[in-house]
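Here the structure comes first, spelled out in structure tokens, and everything after it is commentary.
Below, all heavy atoms of this structure are taken into account, side chains as well, without hydrogens, waters or symmetry copies. From a predicted model like this one, the values you see are computed outputs, not experimental measurements. We're numbering straight along the sequence, starting at 1.
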Amino acid sequence: MPTIKFLRGTLNFGDAVIRKLCTFKDISIKGELYSREFNQHFKADKTICSLEEDKEGMFDFKIDGVSHISWFRRKKYEFMETLGIPAKRKSQRINL
């Protein structure tokens, strides 16, 4: 299953954590999470992780209630702002 491979290989979650997530129970994480997209570790304090199944049977890994991709992007923007680097955010608006 790709989700388990992602949790184990990319985020380095252990079997006990993965088992708990697979029963759709939330877990609290403290430490660092790695993003392949940004090739960087991001601090995670009292972060809640969950695994949800959608109507098509696909699994979505969420961190603090948002998709893991959105969470990592938000952390990247926060990191860049801390360094004083203006971050270009993509607009989610539709121009008519």
Side-chain angles (χ1 to χ4, degrees):
M1 177 186 246
T3 304
I4 292 175
K5 185 176 180 180
F6 168 75
L7 294 173
R8 181 175 285 128
T10 303
L11 298 178
N12 295 321
F13 284 1
D15 290 340
V17 172
I18 292 171
R19 251 186 259 118
K20 192 167 186 178
L21 282 171
C22 288
T23 60
F24 301 104
K25 293 181 181 176
D26 294 350
I27 60 165
S28 180
I29 300 265
K30 185 176 181 179
E32 291 185 341
L33 295 174
Y34 177 74
S35 168
R36 261 195 230 162
E37 180 180 2
F38 300 116
N39 192 29
Q40 184 174 349
H41 288 87
F42 294 100
K43 195 172 191 176
D45 287 329
K46 298 180 185 174
T47 302
I48 304 296
C49 298
S50 61
L51 193 61
E52 298 176 3
E53 186 176 9
D54 64 17
K55 293 178 183 177
E56 291 89 36
M58 301 295 290
F59 294 98
D60 188 19
F61 177 64
K62 296 194 177 232
I63 305 173
D64 289 337
V66 297
S67 74
H68 66 281
I69 295 167
S70 296
W71 188 86
F72 281 121
R73 287 184 181 154
R74 184 180 67 208
K75 288 294 186 178
K76 178 66 173 187
Y77 294 136
E78 290 172 6
F79 176 74
M80 291 175 71
E81 288 173 358
T82 301
L83 295 177
I85 301 170
K88 294 181 182 179
R89 294 186 185 210
K90 291 184 181 178
S91 174
Q92 299 294 331
R93 293 180 280 157
I94 298 173
N95 294 326
L96 300 175

- Task: Just say parallel, tilted or perpendicular for the rings of Phe42 and Trp71, cut-offs at 30° and 60°.
- Result: perpendicular
- Task: Using the six-membered ring wherever Trp is involved, compare the ring planes of Phe6 and His68 and label them parallel, tilted or perpendicular (cut-offs 30° and 60°).
- Result: tilted
Does any part of the side chain of [Y], heavy atoms only, come nearer than 4.5 Å to the side chain of [X], both counted from C-beta?
{"X": "Phe24", "Y": "Ser50", "value": "no"}
{"X": "Asp54", "Y": "Phe59", "value": "no"}
{"X": "Arg74", "Y": "Asp64", "value": "yes"}
{"X": "Met80", "Y": "Thr82", "value": "no"}
{"X": "Arg8", "Y": "Asp15", "value": "yes"}
{"X": "Lys30", "Y": "Thr47", "value": "no"}
{"X": "Asp26", "Y": "Cys49", "value": "no"}

- Message: Let's go through Phe13 and Ile29 carefully: what are the C-alpha distance in whole Å and the side-chain angles of both, what is the deciding distance for side chain to side chain contact (heavy atoms under 4.5 Å, CB included) to 0.1 Å, and is it a yes or a no?
- Response: CA-CA 10 Å; Phe13 284 1; Ile29 300 265; 3.6 Å; yes
If I take atom [atom1] from residue [X] and atom [atom2] from residue [Y], how far apart are they, to the nearest 0.5 angstrom?
{"X": "Met58", "Y": "Glu52", "atom1": "CE", "atom2": "CD", "answer": "14.0 Å"}
{"X": "Ile85", "Y": "Lys76", "atom1": "CD1", "atom2": "NZ", "answer": "7.5 Å"}
{"X": "His41", "Y": "Phe79", "atom1": "NE2", "atom2": "CZ", "answer": "13.0 Å"}

- More than 12 foreign heavy atoms under 6.0 Å from NZ of Lys20: is that the case here? no
- Task: Give the C-alpha distance, both sets of side-chain angles, the deciding distance and a yes or no for side chain to side chain contact (heavy atoms under 4.5 Å, CB included) between Leu21 and Lys25.
- Result: CA-CA 5 Å; Leu21 282 171; Lys25 293 181 181 176; over 6 Å; no
- Taking Ser70 for its side chain and Val66 for its backbone only, find out whether a donor-acceptor pair lies under 3.5 Å. no
- Verdict with reasoning, Leu33 to Ile63, per side chain to side chain contact (heavy atoms under 4.5 Å, CB included): CA-CA 10 Å; Leu33 295 174; Ile63 305 173; 3.8 Å; yes
- Message: Between Arg73 and Glu37, does any NZ, NE, NH1 or NH2 come within less than 4.0 Å of an OD or OE carboxylate oxygen?
- Response: yes
- Heavy-atom closest pair, residues Ser28 and Lys46: OG-CA, 4.1 Å
- Pair Tyr34-Thr10, side chain to side chain contact (heavy atoms under 4.5 Å, CB included): steps then yes or no: CA-CA 7 Å; Tyr34 177 74; Thr10 303; 4.3 Å; yes
